[in-house]
Chemist: 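Structure incoming, see below.
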Amino acid sequence: MKLAIIGGDGIGPEVVDVAMNVLKAIAPKNEFEYESTPFPFSAAHFLETGHILDDADIAELRKFDAIMLGAVGGLPNDPRLAGGVIEKGILLKLRFDLDQYINLRPVTLYPGIETPLKDKTSEHINFVCVRENTEDLYCGLGGIVRKGTPQEVSNQTMVSTRFGVERCIRYAFELAKTRDRKHLTLVHKTNVLNFAGDTWLRAFQEVAEEYADVETGYHHVDACCMFMVAKPEVYDVIVVPNMFGDIITDLGAAIAGGMGIASSGNLNPDGVAPSMFEPVHGSAPDIAGQNLANPIATIDSLGLLLRETGRIKSDPEAIKCGEQIGAAVKLVTPKFSGKNLDRSGYGTDEIGRMVIDAMGG
Ligand code: IPM
Ligand code: MN
């Protein structure tokens, strides 16, 4: 398996290094063969060279089976990075150009991890968000006129294509079908977004007819936020458009123990371009280079990379490695009990060793 590695900025390179050490330890045991190639794309690289990520880079990345990304982004108030130049230029360009149309974000309370929700356990917080990843408000359509005058007008257009919505919904139904509860909730805001919501709701209802074994439900996104906090056990799989998905998955990360453990995959499920895996957290420049960052989210994202890419590319050895990494993470998280996960009290490299030990060294 050919892996492209984008360490990125801040804590990104540290947590990715630790994750790759975990893979190095587990791969030979499963006769899994891989090669990894580093790429410099990051805010730091842009500031140094003026180069962000161009079409030739995308063509190069297409030659890989999957991409592991740490985090990209510089200091929050750097005027040279204003307007989301790095977010749009790297992260969103990769997601769009490689047609990674699913953003898969598990919300799972791992053993020993504390949730801020009173009386909720791993039994209650165990669902996965399927966030559409190539449309909606993220298309960047819109404009601004009469800027800086009292008559200023700006608009930003929400895009929902039947094709894009339906392929996302289908993926979510297929996923729900494989799970114990087989329950899928559509989250939208059809009472106000009556055009976009209509496209989503009809596609959802029509595809549902092909999946008699999957139970379905619908929640408005505001109610979803309330349920995620008050009664997260109602959810098994959620399918949600891009922008609402961005918001509710941060809430999801918070109820499952914080950004220190939230993993994600940007999937091209058809395998025509590489998928990309990344922790949900950012580059955390304030703690970079101090061996403080918790690499669990990245290690877990690597596990997801191996399982998902293994499935897409029919590579059973990769799947085995991914499953072992996922299981080892659940053996390590109880050791974080009572500690702030984002700064767990263990060193970044120490946590990597704990995962390797949990896999049997
Ligand atoms: C995420 C991030 C990105 C998003 C930003 C950095 C563009 O918040 O991965 O959730 O909005 O998708
Ligand atoms: Mn986000």
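Only heavy atoms go into these numbers, but all of them, side chains included; no hydrogens, no water, no symmetry mates. Note that ligands are numbered from 1 as they come in the structure, with each ligand's atoms numbered from 1 the same way. Owing to the predicted nature of the structure, the values given are computational and were not obtained by experimental measurement.
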Chemist: Considering only heavy atoms, which of Glu87, Met243, Lys88, Arg95 lies nearest to atom 6 (C) of ligand 1?
Modeler: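 Nearest heavy atom to atom 6 (C) of ligand 1 lies in Glu87.
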
Chemist: Is Arg105 in polar range of ligand 1, meaning some N or O pair under 3.5 Å apart?
Modeler: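 Such a contact does occur with ligand 1.
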
Chemist: With only distance considered, is Arg131 within less than 3.5 Å of ligand 1 through an N or O on each side?
Modeler: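 By distance alone, the answer is yes.
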
Chemist: Is the number of heavy atoms from other residues, nucleotides or ligands under 6.0 Å of Asp180 CG greater than 12?
Modeler: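 Atom CG in Asp180 is not packed in, count stays at 12 or less.
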
Chemist: Please list the nearest protein heavy atom to atom 11 (O) of ligand 1 with its residue and the distance rounded to 0.1 Å.
Modeler: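 Scanning the protein heavy atoms, the shortest distance from atom 11 (O) of ligand 1 goes to Tyr138 OH, 2.6 Å.
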
Chemist: Measure from NZ or CZ of Lys330 to the centre of the six-membered ring of Tyr110, then state whether that distance is under 6.0 Å and the direction lies within 45° of the axis.
Modeler: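 The answer is no; the distance or angle limit is not met.
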
Chemist: Please determine if Asp55 and Lys93 form a salt bridge, counting it only when a charged side-chain N lies under 4.0 Å from a carboxylate O.
Modeler: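 Yes.
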
Chemist: Please find the pair of heavy atoms, one from Glu132 and one from Glu135, that lie closest to each other, and give the distance.
Modeler: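 Looking at all heavy atoms of both residues, the closest pair is OE1-N, 2.9 Å.
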
Chemist: Among the N/O/S atoms of Asp246, which is closest to the Mn ion (ligand 2)? Give the atom name.
Modeler: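 Atom name of the closest N, O or S in Asp246: OD1.
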
Chemist: Assess whether a salt bridge exists between Lys182 and Asp236, defined as any Lys/Arg side-chain N lying under 4.0 Å from an Asp/Glu carboxylate O.
Modeler: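 Salt bridge between Lys182 and Asp236, a charged N being under 4.0 Å from a carboxylate O: no.
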
Chemist: The test is side chain to side chain contact (heavy atoms under 4.5 Å, CB included); show your working for Cys168 and Val130 and say whether it passes.
Modeler: CA-CA 8 Å; Cys168 176; Val130 175; 4.0 Å; yes

Chemist: If you have a sec, work out which protein heavy atom is nearest atom 2 (C) of ligand 1 and how many Å separate them, to one decimal?
Modeler: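 The closest one turns out to be Asp246 OD1, 4.0 Å.
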
Chemist: Please report whether ligand 1 has a polar contact with Glu278, defined as an N or O pair separated by less than 3.5 Å (distance criterion only).
Modeler: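 The answer is no, given that Glu278 and ligand 1 share no N or O pair closer than 3.5 Å.
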
